[in-house]
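To start, the structure under review is shown below, and the notes come after it.
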Amino acid sequence: MISSISVPIATIRASLPASVRLIAVTKQVPASVMRSAYAAGIRDFGENRIQEAASKQTELQDLSDITWHFIGNLQANKAKKALEQFRWIHSVDNLKLAQRLNQLAQQLGVHPLVCLQVKILPDPNKSGWSDPQQLLADLPALNQCKDLQIQGLMTIPPLGLDDAEILNVFNRTRELAKEIQEQNWSNIQMQHLSMGMSSDYQLAVQAGATMVRLGTILFGNR
Ligand SMILES: *Cc1c(COP(=O)(O)O)cnc(C)c1O
């Protein structure tokens with residue numbers, strides 16, 4: 001069980017450009033430690049399980065300026081809860097899910113901020129649009145999801161790449177976002193790139209990440 005913050009958050013924060021949003025990924029991190037992270041300045045928390053997040057959100061209710069980010073694989077039957085509990089959903093990984101979220105968002109009267117998760121390289125272990133072409137093909141339908149605020153792309157490189165290959169994945173994600181932005185969709189914005197975890201966030205920042213999702217480097221091994 002993680003019981004403390006391993007690296008001073010201020011050190012990591014200071015190593016990032018001011019424009020990059022630091023999302024503290026707190027799966028398996030108890031609320032007490034999250035409270036310390038909050039005291040150290042963290043306002044963005046990322047969780048990958050709806051239920052685990054719910055209990056910590058209740059415990060941290062008094063910290064009303066937290067922004068909650070859902071970053072995990074989202075099952076359709078948890079979509080409503082995700083919308084109720086999270087401002088951001090980084091892991092919208094297929095059109096059906098986007099359409100389901102849109103329909104529920106309309107019913108709930110919310111306008112979630114979302115990233116579209118895309119695979120730049122094939123990776124059977126990760127979810128996401130299976131490649132850029134698939135995502136491009138779905139843009140007309142995504143543009144119809146008027147109750148979603150589509151903000152950008154999210155990607156996770158496959159395991160086992162060297163630094164140059166990882167950087168290439170991140171650069172290609174940025175280029176894909178630019179290509180989409182240049183198509184001038186009325187309801188799709190591409191100003192955000194959610195990319196970079198503890199092992200590769202420096203490469204992601206180099207490639208233009210606007211949000212990094214850091215767990216291990218802040219809280220130690222899970
Ligand atoms: C766990 C997780 C992270 C954080 O990973 P670390 O390597 O611990 O920094 C980031 N993004 C997603 C989607 C995750 O599931």
Side-chain angles (χ1 to χ4, degrees), residues 1-2 4-13 15-17 19-61 63-75 78-79 81-93 97 101 110 112-118 126-128 148-157 170 173 191-205 209-222:
M1 177 63 96
I2 295 164
S4 66
I5 297 175
S6 67
V7 176
I9 284 169
T11 306
I12 303 292
R13 179 64 269 177
S15 75
L16 296 170
S19 60
V20 173
R21 201 156 166 177
L22 169 55
I23 299 169
V25 175
T26 46
K27 55 192 187 205
Q28 296 173 51
V29 175
S32 57
V33 176
M34 293 172 70
R35 205 171 270 284
S36 312
Y38 180 94
I42 295 289
R43 293 295 178 272
D44 292 280
F45 288 95
E47 292 279 342
N48 70 339
R49 284 176 200 279
I50 299 289
Q51 207 157 348
E52 178 187 338
S55 66
K56 292 189 281 187
Q57 287 170 330
T58 302
E59 283 185 70
L60 299 173
Q61 243 167 14
L63 308 179
S64 57
D65 60 345
I66 289 177
T67 299
W68 294 95
H69 300 254
F70 188 77
I71 61 170
N73 199 310
L74 184 55
Q75 249 89 63
K78 300 269 176 68
K81 288 221 160 97
L83 292 173
E84 290 167 344
Q85 292 174 223
F86 292 88
R87 179 69 180 133
W88 277 84
I89 301 178
H90 292 235
S91 45
V92 175
D93 58 8
L97 176 62
L101 286 167
V110 296
L113 299 157
V114 312
C115 292
L116 307 174
Q117 184 174 354
V118 62
K126 291 275 148 45
S127 55
L148 305 183
Q149 301 187 68
I150 298 174
Q151 297 291 294
L153 301 180
M154 187 272 233
T155 201
I156 303 173
F170 291 147
T173 307
Q191 70 269 44
H192 278 289
L193 294 170
S194 172
M195 51 190 203
M197 304 170 39
S198 293
S199 61
D200 58 16
Y201 73 98
Q202 283 148 323
L203 297 168
V205 168
T210 66
M211 297 188 276
V212 293
R213 309 177 311 271
L214 303 182
T216 308
I217 199 171
L218 301 178
F219 303 107
N221 285 316
R222 289 177 291 270

Do [X] and [Y] have side chains that approach each other closer than 4.5 Å (heavy atoms only, starting at C-beta)?
X: Tyr201; Y: Leu16; result: yes
X: Val212; Y: Leu22; result: yes
X: Leu113; Y: Arg87; result: yes
X: Ile66; Y: Met34; result: no
X: Leu83; Y: Ile89; result: yes
X: Phe45; Y: Gln57; result: no
X: Arg21; Y: Thr210; result: no

Between [X] and [Y], which heavy-atom pair has the shortest distance, and what is it?
X: Ile23; Y: Gly46; result: CG2-N, 3.6 Å
X: Phe86; Y: Ala53; result: CZ-CB, 3.5 Å
X: Val20; Y: Ala209; result: CG2-O, 3.5 Å
X: Lys56; Y: Thr26; result: NZ-O, 2.6 Å

Any donor-acceptor N/O pair, [X] side chain to [Y] backbone, under 3.5 Å:
X: Glu52; Y: Lys27; result: no
X: Ser91; Y: Gly72; result: yes
X: Gln85; Y: Ile50; result: yes
X: Arg213; Y: Ser194; result: yes

Anything under 3.5 Å between a donor and an acceptor, one on a side chain of residues 148-157, the other on a protein residue two or more places apart or in another chain? List them.
{"unit_1": "Gln149", "atom_1": "NE2", "unit_2": "His111", "atom_2": "O", "d": "2.7"}
{"unit_1": "Thr155", "atom_1": "OG1", "unit_2": "Val118", "atom_2": "O", "d": "2.7"}

Rounded to the nearest 0.5 Å, how far apart are [atom1] of [X] and [atom2] of [Y]?
X: Ile12; Y: Leu214; atom1: CD1; atom2: CG; answer: 7.0 Å
X: Gln28; Y: Phe219; atom1: CD; atom2: CZ; answer: 12.5 Å
X: Leu74; Y: Asn48; atom1: CG; atom2: CG; answer: 11.0 Å
X: Ile42; Y: Arg13; atom1: CD1; atom2: CZ; answer: 8.0 Å
X: Met195; Y: Thr173; atom1: CE; atom2: OG1; answer: 5.5 Å
X: Ile217; Y: Met197; atom1: CD1; atom2: CE; answer: 12.0 Å

For [X], I'd like to know if atom [atom1] has over 12 heavy atoms of other residues, nucleotides or ligands within 6.0 Å.
X: Lys81; atom1: NZ; result: no
X: Arg49; atom1: CZ; result: no
X: Gln51; atom1: CD; result: no

| said: Over 60° means perpendicular and under 30° means parallel, so tell me whether Trp88 and His69 are parallel, tilted or perpendicular. | reply: parallel

| field | Qualifying residue for side chain to side chain contact (heavy atoms under 4.5 Å, CB included) with Tyr38, from Leu60, Val33, Leu63 | value | Leu63

